[in-house]
Structure formats: structure tokens, C-alpha cells
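What follows is one structure encoded as C-alpha cells, with my remarks underneath.
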Amino acid sequence: MSRLLSLLALVLVACGEPIEGDDNEQVVQKKKKKNDSAAVELDSSYFYNPAGKRDPFQDFVQRRGDEGAADTPPLQRWDIDKFTLRGVIWSTTSPRALLVDPEGTGHPVALGTQVGRNFGKVTDISDKSVVVTEEYQTPDGQLVVNPVEVRFTQEGNKR
């Protein structure tokens, strides 16, 4: 029996836990204080800007029908970087462009047209690109304006 007790005491000492009840309470309090101070020391100065980036929670392989709800307008079913520019009429008073979605469907856009999942608006159409500007607020209330440029690709009409 004494061997069993000494073995039990040895196991408790090896685990790093004090045998006495008061000492155990102090260890628990120290661990709580240590965890509380770690939570306070987190760096909150970094803010992740998701505009123009792939959604990290989205599957790599997109299946048909995953692009958005049926009632979502076609230009708002995909992120801006999924569109390609295929044509521009820009020497008129109201320039227009043709954006092609991942399914190959063309959509004419003008200034003010909403494009993308984050409610971006077409703010500039030039002979080489279309600029879609997204606006959103950071958690601390700051307004962030993010212009995303859609340019002609190798398959497009211009190079």
C-alpha cells in the first residue's frame, strides 16, 4: 500500500501539479492571469482588405449554380476579378464596355453600373480598362475606397 501511495505521489509530482490544495489554487490563478494578459496584447492595427482577393472559405472548384442566388443580378454573382474586358466604346459622351463573366456571357456596362459581390460601381471607362470602385467600412468605422481595374486579357480584342 505504501508503494502505491508513493507511486501516486511521484505521478502527481511528475505532472507538475502541487499536492497541496492551496498551491494548486495559486497555479490556476497564475494561468488565468497569463491567459487574460495574452488576450489584451493582441495587435489590432492590421486590417485585412478582401477586395479583389479570392474568398478563403470558398471551394477551389466552383460548380455550376454556386455563383449566387437566382435573384442576384448577373453582374453581382461573381467577384470583380472573375470578369474579363472584351470591348470598349469610349470616344462618346457616355462610354460603355463589355464585361464577360466566367460562364462566357457578355454584359454591357456604363458609368454607375453595379459590378461584383461587394456592390462595386463602374467609375471609369477608358480605352484600355474599366475601373470598378468598391466602398466598405473597417471595423473601426473608417471608410475604405478600393478601385479594381479590369483590363483586356490575351483573349480580348486589344493587347
Side-chain angles (χ1 to χ4, degrees), residues 14-17 24-159:
C15 291
E17 295 294 327
N24 194 19
E25 182 102 11
Q26 290 174 356
V27 170
V28 170
Q29 292 300 326
K30 285 181 184 178
K31 285 183 181 179
K32 282 184 181 178
K33 287 181 184 177
K34 187 176 181 181
N35 289 341
D36 290 344
S37 65
V40 173
E41 294 175 14
L42 290 177
D43 182 22
S44 62
S45 64
Y46 176 75
F47 177 74
Y48 175 72
N49 181 356
K53 297 180 180 126
R54 190 183 76 76
D55 183 1
F57 300 104
Q58 186 179 24
D59 288 339
F60 284 109
V61 179
Q62 284 215 348
R63 295 167 189 87
R64 274 207 120 120
D66 286 351
E67 290 83 17
D71 59 342
T72 305
L75 283 170
Q76 294 178 346
R77 290 185 186 156
W78 295 277
D79 292 324
I80 296 170
D81 61 347
K82 302 285 187 203
F83 289 95
T84 57
L85 180 62
R86 292 292 170 96
V88 175
I89 302 173
W90 65 278
S91 61
T92 65
T93 56
S94 60
R96 298 201 179 258
L98 182 68
L99 295 179
V100 178
D101 64 25
E103 290 182 344
T105 306
H107 304 279
V109 296
L111 295 176
T113 304
Q114 286 191 340
V115 179
R117 291 184 176 177
N118 298 326
F119 303 101
K121 288 187 180 181
V122 175
T123 55
D124 185 37
I125 298 176
S126 70
D127 63 335
K128 296 178 182 172
S129 66
V130 173
V131 177
V132 180
T133 304
E134 297 177 326
E135 294 180 355
Y136 56 91
Q137 282 189 334
T138 62
D140 61 348
Q142 234 178 0
L143 179 66
V144 176
V145 178
N146 185 38
V148 179
E149 188 174 32
V150 180
R151 300 182 63 87
F152 282 103
T153 61
Q154 292 294 348
E155 300 108 28
N157 297 340
K158 287 195 172 183
R159 292 175 193 242

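Keep in mind that this is a model prediction, so the values were computed, not measured.
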Atom of V88, atom of S126 and distance for their closest heavy-atom approach: CG1-O, 3.2 Å

Between S129 and E149, the two heavy atoms sitting closest are OG-OE2, 2.8 Å

In this structure, CZ of F83 is separated from OG1 of T105 (nearest 0.5 Å) by 10.0 Å

At their closest point, which heavy atom of V145 faces which heavy atom of T133, and how far apart are they? CG1-CG2, 3.3 Å

Interatomic spacing from CD1 in I125 to CG in D127 - rounded to 0.5 Å: 12.0 Å

So does E103 get a backbone contact from the side chain of D101, meaning a donor-acceptor N/O pair under 3.5 Å? yes

With side chains defined as the heavy atoms from C-beta onward, is the minimum distance between H107 and T113 less than 4.5 Å? no

Could you report the tightest heavy-atom contact between P147 and V131, atom names first, then the distance? CB-CG1, 3.9 Å

Minimum heavy-atom separation for A110 and R96, please, with both atom names. CB-NH1, 3.5 Å

State, with a plain yes or no, whether a side-chain heavy atom of L85 is found less than 4.5 Å away from one of L99. yes

Just wondering, more than 12 heavy atoms not from I89 lying within 6.0 Å of its CD1? no

Donor-acceptor pair, R117 side chain versus R77 backbone, under 3.5 Å? yes

Of I80, N118, V109, the residue whose pairing with V132 passes side-chain contact (heavy atoms from CB on, under 4.5 Å): I80

With a 4.5 Å cut-off on side-chain heavy atoms, are D81 and V148 touching? no

With side chains defined as the heavy atoms from C-beta onward, is the minimum distance between P102 and K82 less than 4.5 Å? yes

Which heavy-atom pair separates A97 from V130 by the least distance, and what is that distance? CB-CG2, 3.5 Å

Listed partners of E135 passing salt bridge (Lys or Arg N to Asp or Glu O under 4.0 Å), at least two apart: none

